[in-house]
2 protein chains.
Amino acid sequence: MPKTRACEAWELLFDLLMRQRTRLPQVAAEFELSEPQCHVLRLMEPGAGVPMRRLVERLGCDASNVTGIVDRLEARLLVERTACAHDRRVRMVRLTPRGVETRARIVARMNEPPEPIAGLPADDLAALCSILRRALTTSGR
Amino acid sequence: MPKTRACEAWELLFDLLMRQRTRLPQVAAEFELSEPQCHVLRLMEPGAGVPMRRLVERLGCDASNVTGIVDRLEARLLVERTACAHDRRVRMVRLTPRGVETRARIVARMNEPPEPIAGLPADDLAALCSILRRALTTSGR
DNA sequence: TATTGTTATACTCTATAACTATA
DNA sequence: TATAGTTATAGAGTATAACAATA
C-alpha cells in the first residue's frame, strides 16, 4: 500500500520539520530581526528593487502587514523605498549596502545543514537528494 | 565532499519545508484556532492531564505565553485546568471531551501526506523512510 | 530560597476596513 | 472603476519583569 508508506514518510518528515521549526526564528534573532523581516530580506535580490506588491505575493499575507515590516526594515537602514518610473502608484523596495551585507550573512547561516542531515553518510545523502528532487519536480506545487 | 552533498540535501529539504510552511496555519484556521493553540492540543494526550510547565518546555516559549494560550483554549471549552494532588503550585491542563474530539480531527488532518510525498513511487518512499529514520536517530536532537 | 504560574507591559505579526493617489 | 500602498484598529503571539502562592 503506497498510502501507508507515504504516511510514514510524511510522519518522519514532519518530525524533522518540527525539530527545525525553531531554526528560522533562532537565526532571525541572531540578527535581531523578526522572522518575516528575515524572510523579506531573503526574498530580495541585491541590486534590483521590487515593488511592494511582489513582496505581498511572496509573503502570502495582507498588504497592510508588508507596510509595517518594510517600515521597520527601513528604520534599521536595511532597505529603502524608491519611486517607480513607469507607475507613480508603486513603490520599489531595494536593499541598502548594509542590507546586502546582512542578507548575505543570513543566507549563509540558513544554508548550513542541520545536524540530522549533516551527520548522514554520503550514500544516504545522494539517495535523499535524488528522491527529494523527484518529489519536488513531479508534483504540481 | 560530504559537506557539499549535505548542503544540497538541506537545500532541497528546506524547499520542501517552505512549500509546506503554510500548511500548519492553514489547518489551524480550518478549526478557527491559532497555530500555537493547535500545537498545544496536539501535544496533549486524551485522558492524562499535563502540568503547564510541560507545555512550556514543549512549546519552547516563555511561561507567560502559555497562560494566555491555555486561557483561550479554556474559553473555547477545549481544555480545562485542574489542581494537582501532590503539589498545590502546579495546575494540570486536560482535554475536555470536546477537546479530545477536536484534537483527533486535527491530528488526522495533519497526518495526510502532502502532494510531493504522496506522489512518490513505493521504492522511493521506502528508501526515504529508512534514511530519515537514520537521520532522526543518529543525531542527538 | 527556589519553583509554578499569573499579571502587567511593550513590541511584532495578523486580518479587515477605510482611505489616498494614481491609473 | 480598479489598483498600489497606507493608516487605523483589534486580536494573538512573543519576551521581560514583577508578583503571589507554595515547596
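Reminder, nothing fancy here: chain letters follow the sequence lines and each chain counts from 1.
- At least one donor-acceptor pair under 3.5 Å links the side chain of B/E74 to the backbone N or O of B/R81.
- Following rounding to the nearest Å, B/H39 (NE2) and D/dA12 (P) show an atom-to-atom distance of 20 Å.
- Side chains of B/V93 and B/R91 form no contact here, defined as non-hydrogen atoms less than 4.5 Å apart.
- Going from atom CD of A/E32 over to atom P of C/dC11 covers 15 Å, rounded to whole Å.
- Among the protein residues, B/Q37 comes within range of the sugar-phosphate backbone only, with heavy atoms under 4.0 Å from sugar or phosphate atoms but none that close to a base.
- Of the residues in residues 65-83 of chain B, those with a non-hydrogen atom less than 4.0 angstrom from any atom of DNA chain D are B/N65, B/I69, B/R72.
- At D/dA15, none of the side-chain N or O atoms of B/S64 fall inside 4.0 Å of OP1 or OP2 (strictly under the cut-off).
- B/E101 pairs in a salt bridge (charged side-chain N to carboxylate O under 4.0 Å, His left out) with only one of the listed residues (B/R98, B/R105, B/R103), which is B/R105.
- With a 4.5 Å cut-off on side-chain heavy atoms, A/R23 and A/E112 count as touching.
- Between A/R76 and A/L33 the shortest heavy-atom distance is NH1-CD2, 3.8 Å.
- Put simply, the side chain of A/N65 does not reach to within 4.5 Å of the side chain of A/L59, judged on heavy atoms.
- B/W10 places a side-chain N or O within 3.5 Å of a backbone atom of A/M110 that can act as its donor or acceptor partner.
- The distance from atom CZ of B/R54 to atom P of C/dG5 is 12 Å, rounded to the nearest whole Å.
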Show each protein N/O and nucleotides 19-23 of chain C N/O combination with a separation under 3.5 Å, one pair to a line.
| residue | atom | partner | partner atom | Å |
| --- | --- | --- | --- | --- |
| C/dA23 | OP1 | A/R88 | N | 3.0 |

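- Among C/dT6, C/dT4, D/dT16, the nucleotide with an atom closest to any side-chain atom of B/D62 is D/dT16.
- With C/dA15, C/dT12, C/dG5 as the choices, the nucleotide that has an atom nearest any side-chain atom of A/S34 turns out to be C/dT12.
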